[in-house]
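Quick notes on the structure that follows.
Residue numbers run from 1 in the order of the sequence given. This one's a predicted model, so the numbers in the text were calculated from it and none came from an experiment.
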Amino acid sequence: MCGVVGYTGRKQAAAWLLDGLATLEYRGYDSAGIQVVSSSGNLHGVKCAGRVADLRERAAAANPEGTCGIGHTRWATHGAPTDRNAHPHLDGSGRIAVVHNGIIENFQELKRELMATGHQFRSDTDTEVIPHLIQEAWEGPAKGDLAMAVRNACDRLEGSWAVACVCADVPGTLVVTRKGSPLVVASTDDGAYAASDVMPLADVTSHVLQLNDYDVATLTSDGAIRIVDRDGRVVDNPTSFDIDWDASAAKMGGYSDFMAKEINEQPEAIERLLKDRLGEHGIELDELSLSRSELAAIDKIVIIACGTSYHVGLIAKVAIERWAKVPVAVEFASEFNYNEDYLVTDHTMCLVITQSGETADTLAAARRMRGMGCTVFAITNVLGSTAAREADGTLYIQAGPEVAVASTKAYTAQMIASYLLALRLAYANGRMTLAEVQKHYRDMEQVPDLMREVLNRRWQDKQASQRFRDKQSSLFLGRNVSSTTAYEGALKLKEISYLHAEAYPSGEMKHGPISLIEGGFPVVAIVPADHVHDKTVSNIQECLARGAVVIAVATDGDEKIAKMCQEVLWVPQCPDQLIVPAVSVIHLQLLARYVARERGYDVDKPRNLAKSVTVE
Ligand code: M6R
C-alpha cells in the first residue's frame, strides 16, 4: 500500500526520491508525489495521479531543487486517486509538507475542529489533518522544534501512521514517526534516509534502523539521526538490522517482469531455507525459542493468515496434523478478528504466516492471540517486519525480496518452512522418530530439482494458456492437498489476468459449480497420482461430459489423464504426497502469468491490489 520515502543530505533530493518511489511501486498505488525543500527555504512539490513514470516527467519539467525532501506513492482509501488527493499535503501556511501511510480514524472530528478555527482543506484525504495539526503545534507550544510539533500532532491521532514531514523554515531537517505502519531509517555518508521498507535503501546502505511505535526521528543533512520515544527520552540504541541481500536481488536482472524472476527463483529459495536445518536432534529450529518439553505440550495450533499465505496455512495444517498429530485450525485473519467466541486451550500456539509481515489483519489477529495467552510464532520473509518484531519467535523464509504483487516464491518457501515446523513438533512430542524426520527432510531436499523440472516444462503452460483466450470464467478442482493448490491457482489467475476463477474441492463440484460448465469452459483439474486420483478422474469425466476443456495437472506417466484431457501440465513423480503441492503449483503460477500476458496486463502490478495490505 502507500509508500513513504524521505531524504536529507548532500545530493539533490528529487532524483533519489523518485528512484525510491519506483522501488516502492510494488506495494501498489494509484498516485505519487514529492516535495523538496531548497536551502533558501522554499517548498517545491510535484504530484499526480498515475504512475511514478508520470511523476518523473512532471518533475523533469518542474525541476524541484533542494537536498531535503519527502515522497509518496498513494493507494487511495479516503478520496479518489486524483492529483488533488495525491500526497504530499500542506498546512495552511504552505510551509509544512507531510506524506502519510496508514489511516487516521478520527480525521473527521479533527477536520471539523480545525475548520472551526479557520483551517482550510484542499483534499478529501484523512492525511491532510496532519500538516494542519503540525502547524498548530509549530505555531503554538512547539515553536521552532519540528520534532516536537510532529509529536504533538500525532498525539491527537487515532489509527495508524507512518509520517514524514519537512518544513520550509528548517531546510535540511526531515522528521519521521510511525505507529502501526512500517518505517525504517538509515544514516550514510551521503545523508539520512527514511522509507516504508528496505527496498529503496538497498542501493545506499546495508544497515537500517527500526522505529518503534510513537518514536519520532529527526534526520539532518549530515546523516545524523536522533530518535526520541513517546515519553521524550532519547533512544540511544535503536533496533537495527542488516539487509541480507544485495541490491541486485530487487532488480529484474534480465527477466521481463518480477513475477517471472520470482517463479524461477523458487528452487534456490528452497535450497537456502533447507540449508543446515537437519541436525543430530532432528530439525534445527532455534528460532522457535521453545524448549522440547514446551513444544511437546502444545495441544492446539491456530494458523492466522490472509490470501496466498492462508493457502499455505491449509497445507501446513495437513502436515502438522499428519506428522505431529496436533490439531490445527486455520483462520482468515480478517474473520478471526471479529469472532468473539474463539476458544483456545492453555497450550495453544499461534502460527502467523505472512510474507510481508505487515498485513494489518494478520498483525491484529496475532496481537489478539497473544492477548489470549498464546505463544506466537511467525513465518515471514521480511526481516525486521512488524510480525517478526512482535512474535515470540520468527522463522525467516529467506526467499529474497518478492516484488511482484502475486506471491509465488514466498508461497512455496512458506510451505516448506511450515513443514520444518511440523517435523520439529513431531520429533519434540514423540510422534516421529529421528529416522522418520530424516526421511522427510531428504524428501524436501528433492523439491528444488523437482521444481527445476517443472520450470523446464513451461511450454506446456504457455500452450495451455491459449485455452483461456476470450473466456470469462474458469473452474479449478482438486482433492485433499490438491484442493489447496486449486485455490492458489485460481487466486493467481484472478489476481493478474482479471479472469474469474472459482476453486472447489472436486467432490463439491456437483453441489453447485457444475452448473457453470458449458461447451469450451476451462476447468483446471489437479490430479496427481495419489489415493484420491480416481475420484478426481470421475469429476473430470463429469466436466468433459458437459463440454468442458480440461487442463489437468498430472503425474508423469498417467496414461488415463493423457487420453482424457485436452491439455496436461506434467509433474514429475514426487517422493511424498506433501511434496506435490510445492511442485505442482509452479505450473499454475506459470499458467496464470501466461494468461495475463496474453491479455496484455502488467503481471507485476495488477489493478487495485497492494503488495502489503496495511489497512484492515
Ligand atoms: O504479506 P502477506 O503474506 O501477509 O499477504 C497476504 C496476502 O495479501 C497475499 O498473500 C495476497 O493474497 C497475494 N498478493 C496473493 O498473491
Side-chain angles (χ1 to χ4, degrees), residues 4-8 13 35-39 41-45 66 68-72 87-102 104 106-107 109-123 125-181 183 185 192 194 211-221 224-235:
V4 168
V5 288
Y7 170 73
T8 176
Q35 196 91 33
V36 171
V37 197
S38 72
S39 51
N42 286 314
L43 279 187
H44 196 162
C68 176
I70 53 180
H72 191 260
H87 300 208
H89 290 288
L90 302 179
D91 72 323
S93 74
R95 299 190 64 73
I96 294 169
V98 163
V99 291
H100 161 233
N101 170 24
I104 306 306
N106 59 338
F107 85 99
E109 298 97 279
L110 293 169
K111 194 166 174 175
R112 263 196 302 274
E113 189 188 301
L114 287 159
M115 285 172 77
T117 59
H119 288 264
Q120 289 181 358
F121 287 79
R122 303 178 187 96
S123 78
T125 65
D126 53 339
T127 298
E128 201 183 353
V129 297
I130 305 173
H132 288 270
L133 289 171
I134 295 174
Q135 180 189 5
E136 287 275 305
W138 173 260
E139 291 171 359
K143 194 159 181 66
D145 185 338
L146 188 60
M148 187 180 288
V150 169
R151 201 166 85 211
N152 287 0
C154 290
D155 277 348
R156 305 283 322 276
L157 305 179
E158 288 167 20
S160 60
W161 57 87
V163 162
C165 173
V166 289
C167 173
D169 298 323
V170 277
T173 298
L174 166 65
V175 174
V176 300
T177 186
R178 69 175 285 261
K179 187 226 148 190
S181 297
L183 195 68
V185 293
L211 299 184
N212 289 321
D213 277 354
Y214 302 104
D215 281 356
V216 176
T218 305
L219 287 63
T220 44
S221 55
I225 297 176
R226 182 174 190 269
I227 302 175
V228 173
D229 70 11
R230 192 178 196 180
D231 303 319
R233 283 186 301 252
V234 174
V235 180

Once you round to the nearest 0.5 Å, how far does [atom1] of [X] lie from [atom2] of [Y]?
| X | Y | atom1 | atom2 | answer |
| --- | --- | --- | --- | --- |
| Ser221 | Leu174 | OG | CG | 11.0 Å |
| Leu211 | Lys179 | CG | NZ | 15.0 Å |
| Gln35 | Leu90 | CD | CG | 5.0 Å |
| Leu219 | Arg226 | CG | CZ | 12.5 Å |
| Ile134 | Leu146 | CD1 | CG | 7.0 Å |
| Ile96 | Ile130 | CD1 | CD1 | 12.5 Å |

Under the 3.5 angstrom rule, does the side chain of Asp215 hit a backbone N or O of Asn212 as a donor-acceptor pair?
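At least one qualifying donor-acceptor pair exists.
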Which pair of non-hydrogen atoms, one from [X] and one from [Y], has the smallest distance, and what is that distance?
| X | Y | result |
| --- | --- | --- |
| Asn152 | Ala137 | CB-CB, 3.8 Å |
| Leu43 | Gly94 | CD1-O, 3.4 Å |
| Val99 | Gly71 | CG2-O, 3.8 Å |
| Ala192 | Ala224 | CB-O, 4.2 Å |
| Ala142 | Ala149 | CB-N, 3.5 Å |
| Ser181 | Ala162 | CB-N, 3.6 Å |

Tell me if the aromatic rings of Phe121 and His89 count as close, with their centers under 6.0 Å from one another.
no
Would you indicate whether Arg122, at its atom CZ, is surrounded by more than 12 heavy atoms from other residues, nucleotides or ligands within a distance under 6.0 Å?
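Yes, enclosed.
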Are [X] and [Y] packed together at the side-chain level, in the sense that at least one heavy-atom pair is separated by less than 4.5 angstrom?
| X | Y | answer |
| --- | --- | --- |
| Leu157 | Leu110 | yes |
| Val176 | Val4 | no |
| His44 | Ser38 | no |
| Arg151 | Thr177 | no |

Closer than 4.0 angstrom, basic N to acidic O: yes or no for Glu136 and Arg156?
no
Answer yes when Arg178 and Asp213 have at least one side-chain N-carboxylate O distance shorter than 4.0 Å, and no when they do not.
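Here Arg178 pairs with Asp213 in a salt bridge, since their nearest N and O are under 4.0 Å apart.
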If we check side chain to side chain contact (heavy atoms under 4.5 Å, CB included) with Phe107, which of these qualifies: Thr125, Thr127, Asp126, Leu114?
Asp126
Step by step, work out the side-chain contact (heavy atoms from CB on, under 4.5 Å) result for Thr218 and Thr173.
CA-CA 7 Å; Thr218 305; Thr173 298; 3.8 Å; yes
Full working for side-chain contact (heavy atoms from CB on, under 4.5 Å) between Trp138 and Asp91
CA-CA 11 Å; Trp138 173 260; Asp91 72 323; over 6 Å; no
Ring geometry between His87 and His72 (parallel below 30°, tilted from 30 to 60°, perpendicular above 60°)
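Parallel, since the angle between the ring planes stays under 30°.
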